[in-house]
Amino acid sequence: MQAAALEWMFDGVWDRSEHYAKRPERSERPILLAENITVKFGEIVAVDNVTVNVRQGELLAIIGPNGAGKTSLLNVISGFYKPVAGRVVFKGQDISRMPPHKRVELGISRTFQHSQLFLGMTVLDNIIVGLFPWRRTNTLAAAFWLRSARKWEEWARESVEHVIDLLELHEYRYRVVGSLSPGLQKRVDLARALVQNPEVVLMDEPMAGLTREEKEDLARAIIEVHETQGTTFVMVEHDLEVVTDIADRIIVMDSGRVIAEGEPEEVVHNPRVIHAYVGG
Amino acid sequence: MPAGVFKETYGEEIAIFRYPIHYAGAALGLLFALMLPILVGPYYMLLAVSFLIFLVGTVGLNITVGLAGLISLAHAALMGMGAYVTAFLAEKGVNILVAIPVAGLSAAALAFILALPSFRLKGYYLAMASLAAQFIIEYIFALIDPDQYVPIPDEAKYLGGIYLGRGLPLYYTTLAITIVSILTAVNLGRSILGRAMKAVRDNDVAAEVVGINVYYVKAIAFTIGGFYAGLAGGLYALYSSGIGWEGFTLEGSIEYLGMVLIGGPGRIVWGSFLGVLLVRTGWTLLESTLADLIVSYVAAALKYLILGGMIAGFIIFEPEGLIAVLRRFKEYLRLWPYSY
Amino acid sequence: MAQNTKYIALIVLVIVVVAAAAFMFFQKPGAGKEEAPEKLTVKIGVLTDETGPTSDVGISYAKGVLAALKYFNEKGITTKDGVKVELSWVKRDYAYNPTKAEEFYKEFRDKYGVIAVLGWGTADTEKLSDTIINDKIVYISASYSAKLTAKPYNFFVPPDYSTQACIAISWIASVKPGAKIALLYDHKVAYSRSPIDAIKAAAQQLGLEVVADVDLPLKATEADAERAVLQIVDKNPDYVWCGNTITSCSLAAKAMAKQGLNAIMISNVWGFDERSKDMIGPEGYGKAMGVSPFIYPAIARQQNIPGINLVLEAARAAGYSDTDVNLRFLQGFLSAWLLVQAIERVDSQALMDKGGEALKEVLEASCQGQAFDFQGLVAPARFCPGRHIASEQAYLVLLNENGEFELKGPQSAPEGIDCAQITIQAGG
Amino acid sequence: MVEANILVGALFQGFVLGLIYALIALGFNIIYRVSKSINFAHPALILLVGYVALVVSRQNGIAAGLIISLAVAALAGLVLEKSLAKPLIGKPPVALIGATLGAFYVIRGVTFIVGRFEAAALPLQSTYYSLGLLKVSTNDLVSMAVTGAGLLGLILLHNKTRIGSAIRAVAEDAEGAAGYGLPVSRLMTLSWILAGLTGALGGLALSLKAQVNPYLDFYAIKAFAASILAGLDSIGGVVLGGLALGLVEQLASIVLEPYLPGIGGHIAFFFLLLILLVKPYGLFGTERIERI
């Protein structure tokens, strides 16, 4: 008893496998379900009774014109918005009432349309902060830099180095993110999500504002993670070209509703989609 | 990063002393701190003691304000909490060296309660909540201390026959506690907790969404700040023959905030160091000089004008504080005479 | 890791060596005795509040202190055995912040080696009252709390608050036996609470009735004052004791006039002075008075009290106009004068050997010996060991119907009741 | 049981003080609307106004005191805007909080030079009138007139004039307002001057009710509580908040004073903390929607 208490105080136990749990195989089974979601801002209905079913291991894209409610839907899934109606289910568990940081701990990470990095911090620190839910030190251990704190730091650095390798951020490690280009900032944003080793990554317009080259780099990285680790991606995107290239499945939204759903090829040729994009 | 230094482990990279110059600097600094009583007279030694006490308090506020970005106007009240707890325990016969950490903990507990509004509030609202808290605590002090003076019994200030309340023992005791405080503060700053605080400061909305329990981090930042304030209060009780609540008023809290904002918010050690050196100790010295030179009311008005002007000026022109100015000056010297 | 250990070992070694050196360095042998020189310099610390919450009176008080120090210094001070003494003073404005007061006190003590401090209010005097015993530094202040009379190194010129209040009660009893008294004061402020127990005891003894005890905040608005007055109005008091400072006492006097309470308000020494005339206004004329151990300078000039000419001369010499010389100025002046008189009675050798302790001894020698005389401005002062109550005499100053200050008394403290002791025993 | 005359007197005085709190709180409100931050220099401004009025009216009469102190407050508002608010546009609100805290001290210093922190009463002859249980003095009437005029003037300016609606637009959405060609920068300056003027009127009334003393700013800090009760963006709510605070103070004094001496003077802070804990955006204030 006493030994356990001491261990908790001074030398938190850290099991690596906890963080690197093995992913299940890709399947038709839904991993994430957003059901009958409605979001309102005052009188404006941003999302109107939308149901989205995300399957295990897929790369799902949500597209649609501006104001279609895509980002709002993402915000509901990540817990930032409270929907007026509907629920969010992750791996069979209703997470509708869970605060955002808890959802991250469960395995839902996200990136942002406009850089939401911590601008005063270095790239390294920005990514490490993503590991906050998995910290295994308490305040006292941190204050005296006890073994648990040191070991955790090393573990965290290894994890970070892994994503730095993956996203080729080596030379920017010690740069303050405020001084980086938008493209690099997006990469850091993704790195921060990936270091959490999530089961589902929600991406909000990852390609917006990037050069063609940057888009290709980013797409390659996403595909690599998707294929090697079996991570599920839900991507809100504007750029149809990228989406049709990499998505397994596409959902099209307009004016807060889902207007089409299916394989990239069939969706792109759906007349309602063409109408919404071109005619709308 | 100086050339020719290579790190082999991640641990080395985030160590406090990373380069030989750090070791040399720390050793020299320590040597200076230890020899200070020899170098200066007893008055300056006591001034140094009061410098150290307020340094501990300011380091705490720098964690709350500088790292976590939570404006607190109740820091002097928290320091008062520490001082009163120490006085109470000393009265009960508890040794002051035991009482001081307890003072820190009780101030931390109070700070935790004060942090509750921060769960729902940010920025200006939090500043107002802490302002209200400052006045409420002041009021409670006035109720529990109707004589405006609580003596600290000398009997509590002994350690194995040595009286810690004055002279060298006072200086070295304060120095030791200050050094431990600073080291723990630095460790907290470089830990994941410290990084999470910075994240909350830079962008609390995003911090929540990327998995940081913002409430928890805010509460802990407030609590840690309170702990150091309480520690400073305890040290103050050691240094002083008695305490009165008039020493822990809003003016004290504003002065604390001024020390953080002028010195360098977010730079826990050096920012606080410069802030206290300039705003508190420097001012005391300047006041002593001015008092003989000019009419006293001008000097008195100057106190308000200069401190207020510096707080506003630094926020507008150099939000990173004096430390940033010094750093730029250092860079300039390093590159001199080639300015590029 | 090994490298770290090496550094740590090095640092520990340095610490040990330096600490040892420091301790050795500080074990200095005691300074040798010197022969009495032609001229002695006495260092004095002056603590003032010229910017803080009590600066409205602190500024004038500080002027008085400085004028006196300058004046006597130029006039020449000699000790009992004829050695010339020069005063050298250091003044600091601590703005009523006890933390600052302590810092400055330590500067006085350790940097300048003062043997006496001319202090100011509750915040600094109370806080330093224990420290000065160890340091043997005489502390003369304007905080007249009864508690301080039992402290060996605290002195002040007038009687303590409790004795002053009892004098007022005794005056009431002599003017209107069986009068009803209501008490208005801030229940949480030490200065305001200090004389209350003594007042109640004295009133009982003298056959007066305390009919109300109501809280009046020190930081009051008209609303607060009126509420307090409304609470005593139907108790029909004949006299109202206001134990606060001038702002809230004058508001109380106004509220009494407004609510038609036909009673006379008597204020504590800090609650009433020359400014009361304007602050209370015509409606309160004839209804307000203050306890004052000191003769107001304006009245002193009318009555040709000898001491006032000295004060005016000093004020002019220091560059102040005659209008600067008000009650607070006088209080400051007298505090410094007491110190000067003590120096004039001390033996130069004792002063050099024992510093503040020698001053304390001559101050306390007045218990049986000659009293300190202030040429009629305040009653002569005697200090007995363990009981530093300078005198038991004070005036009552009435703001009469014509808006002029009228001196009543001097009145003595009631017989057979030790007001200071009551306060000390009550712990306030 | 509390006697009727005490209750009537306290409620009336609470009402008069409530108007003063409301007017001072409106100063916070005006600044919040355009600068989205708290102006911590406002309490010091109240102090400055009190002393300027005192010093001037001693020499040249109360009317001159009134005019000069209004002018000084307007000037102070202008200087604060030009020196602090303008350079800090776009910075987080915390920056302006810190900067105005600095200004708080600077204005205190200036006040000290002006008035040496003496305690005195404004030279205004007081006459008393009796209305049954209630006694009213000239001070009460003048305070009510000054604060009432100030509040009414502001509400009219805000709701009925073009300047008022322009300021409202800037408060809602500064960028949008600029898009419609509104002189945003000039309107901001105007708002700060307006805040200074309301502060001056409130400060004058306060100087009558509490006399001029070095802790006048304490009452202005208490007015924070009034400004937050209804939410910082609702003008009508601020008036209600001020009145509520004035009454609560008096009632708390009567009821709780025997147990907690001096609670009346501090209840505002309990009030403030409670509101912030329970309903941080006030009773009528709107929660800002954040976007990412």
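A note on names: the letters A, B, ... follow the listed sequences, proteins ahead of strands, and every chain is numbered from 1.
- Heavy atoms of C:Gln259 lying under 4.5 Å from chain D belong to its backbone as well as its side chain.
- Contacts of C:Ala257 with chain D are made by both backbone and side-chain atoms, with heavy-atom separations under 4.5 Å.
- Heavy-atom distances place no part of D:Tyr129 under 4.5 Å from chain C, backbone and side chain included.
- Note that CG of C:Asp56 is 8.0 Å distant from OH of D:Tyr215, once rounded to the nearest 0.5 Å.
- Shown here are the salt bridge (Lys or Arg N to Asp or Glu O under 4.0 Å) partners of C:Lys258, two or more places apart in sequence or in another chain: C:Glu226, D:Asp140.
- Contact of C:Val229 with chain D is not made at all, since no heavy-atom distance falls under 4.5 Å.
- Taking NZ from C:Lys219 and CG from D:Asn213, the interatomic distance works out to 9.0 Å, rounded to the nearest 0.5 Å.
- Heavy-atom pairs under 4.5 Å with chain C were tallied for D:Pro123, D:Gly9, D:Gly265, D:Ser253; the largest tally goes to D:Ser253.
- Distance CG/C:Asp224 to CD/D:Gln250: 6.0 Å, rounded to 0.5 Å.
- Every side chain to side chain contact (heavy atoms under 4.5 Å, CB included) that C:Asp324 has, sequence neighbours left out, goes to C:Lys63, C:Tyr320, C:Ser321.
- Residues D:Arg116 and C:Thr51 fail the side-chain proximity criterion, which asks for heavy atoms closer than 4.5 Å.
- Ranked by heavy-atom pairs under 4.5 Å with chain C, the first of D:Val136, D:Leu124, D:Leu122 is D:Val136.
- When the heavy atoms of residues 285-292 of chain C are compared with those of chain D, none of the residues falls under 4.5 Å.
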Show me the donor-acceptor pairs within less than 3.5 Å that the side chains of residues 45-52 of chain D make with the rest of the protein, sequence neighbours left out.
from: D:Tyr51; atom 1: OH; to: D:Glu118; atom 2: O; distance (Å): 2.6

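- Of the atoms belonging to C:Pro53, it is backbone heavy atoms, and not side-chain ones, that fall under 4.5 Å from chain D.
- Contact count against chain D (heavy-atom pairs under 4.5 Å) is highest for C:Ser55 among C:Ala228, C:Ser248, C:Ser55, C:Ala225.
- A salt bridge links D:Glu257 with C:Arg227: the closest approach of a Lys/Arg side-chain nitrogen to an acidic carboxylate oxygen falls below 4.0 angstrom.
- In this structure, the side chain of C:Asp215 engages the main chain of D:Gly262 through a donor-acceptor pair within 3.5 Å.
- We find the CD1-CG distance between D:Ile6 and C:Asp234 to be 6.5 Å, quoted to the nearest 0.5 Å.
- Contacts of D:Leu17 with chain C are made by side-chain atoms alone, with heavy-atom separations under 4.5 Å and no backbone atom involved.
- Contact annotation for C:Leu218: only backbone heavy atoms (N, CA, C, O) come within less than 4.5 Å of a heavy atom of chain D.
- With values rounded to the nearest 0.5 angstrom, D:Arg58 atom CZ is found 7.5 Å from C:Asp278 atom CG.
- Contacts between C:Asp186 and chain D at a heavy-atom distance below 4.5 Å are absent for every atom of the residue.
- Neither the backbone nor the side chain of D:Phe12 comes within less than 4.5 Å of any heavy atom of chain C.
- Looking only at heavy-atom pairs under 4.5 Å with chain C, the residue among D:Glu249, D:Gln125, D:Lys135 that has the most is D:Lys135.
- Donor-acceptor pairing under 3.5 Å is lacking for the side chains of C:Glu283 and D:Ser126.
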